[in-house]
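Report on the following structure.
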Amino acid sequence: MDRTVRAGQGRAAWFGPGTGVKHKKHGMNVQVIADPKGRLLWASPALADAVHNVRAAREHGIIDALAQAGINCWASKGYQGAGGTVRLPYRGRWDSLSAGQQAVNRSRAKERALVEQAIATIKSWRLLRKLRCSTTRITSLVQAVLTLHLASSD
């Protein structure tokens, strides 16, 4: 589980709803679930970029659904405090982690690299990089991209 952000065209002149403070551009937060082989399985409706990862996952019911199904899920440090079956890497500076913690983080990073490839698949669609519209319209487009991706990967 991870999120992807679309950075919109041009800088936002003001920090309004949906404006990311980090990039000073309008964007979106789409939660993505991929299988262990890096294939996209599901993409959430788009939320404003300002919505934190954990809040977005909770709003979409992802954490509860995974816990009810008993499915372990690897997530990034942005999901700290998610609970349930969401597994996170050990926090802290690399030097301060024990050899065992480093080995676990290394192993998880290899698995998460596949999820990052799935996110890159969504971001590779030029249509999503050039959008300047509401999250409602973006949600429809993301779902269409996901459908096309799933149809072409069979």
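Residue numbers run from 1 in the order of the sequence given. What you see is a predicted model, and the numbers here were worked out from it, not measured in a lab.
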Any chance you could measure [X], atom [atom1], to [Y], atom [atom2], to the nearest 0.5 Å?
{"X": "I33", "Y": "I71", "atom1": "CD1", "atom2": "CD1", "result": "8.5 Å"}
{"X": "R58", "Y": "D64", "atom1": "CZ", "atom2": "CG", "result": "8.5 Å"}
{"X": "L41", "Y": "L150", "atom1": "CG", "atom2": "CG", "result": "7.5 Å"}
{"X": "I119", "Y": "L40", "atom1": "CD1", "atom2": "CG", "result": "8.5 Å"}

Original post:
Side chains of N29 and R55: does their closest heavy-atom pair fall under 4.5 Å?
Top reply: no
Original post:
Is there a side-chain contact between K37 and L114 (heavy atoms, below 4.5 Å)?
Top reply: no
Are the side chain of [X] and the backbone of [Y] linked by a donor-acceptor contact shorter than 3.5 Å?
{"X": "H60", "Y": "I62", "result": "no"}
{"X": "N105", "Y": "P89", "result": "no"}
{"X": "T85", "Y": "G70", "result": "no"}
{"X": "S107", "Y": "A103", "result": "no"}
{"X": "S96", "Y": "G92", "result": "no"}
{"X": "Q143", "Y": "A43", "result": "yes"}
{"X": "T139", "Y": "P45", "result": "no"}

What are the two closest non-hydrogen atoms of [X] and [Y], and how far apart are they?
{"X": "G84", "Y": "A67", "result": "CA-CB, 4.3 Å"}
{"X": "R112", "Y": "S76", "result": "NH2-CB, 3.4 Å"}
{"X": "Q102", "Y": "W94", "result": "NE2-O, 2.6 Å"}

Shared hydrophobic cluster for [X] and [Y] (ILVMFWY, side-chain gaps under 4.5 Å):
{"X": "W125", "Y": "V32", "result": "yes"}
{"X": "I138", "Y": "L148", "result": "yes"}
{"X": "V104", "Y": "L97", "result": "yes"}

**OP:** Dump the intermediate steps for side chain to side chain contact (heavy atoms under 4.5 Å, CB included) on R87 and C73, then the final yes or no.
**Re:** CA-CA 6 Å; R87 303 290 177 246; C73 175; over 6 Å; no
**OP:** Might you work through the side chain to side chain contact (heavy atoms under 4.5 Å, CB included) test for Y79 and Q31, ending with a clear yes or no?
**Re:** CA-CA 11 Å; Y79 293 88; Q31 300 292 308; 2.5 Å; yes
Original post:
How far apart are the C-alpha atoms of V54 and Q80, what are their side-chain angles, what is the distance that settles it, and do they pass the side chain to side chain contact (heavy atoms under 4.5 Å, CB included) test?
Top reply: CA-CA 7 Å; V54 176; Q80 192 71 33; 5.8 Å; no
Subject >> Chi angles and distances behind the side chain to side chain contact (heavy atoms under 4.5 Å, CB included) call for W74, V115 >> reply: CA-CA 9 Å; W74 303 114; V115 176; over 6 Å; no
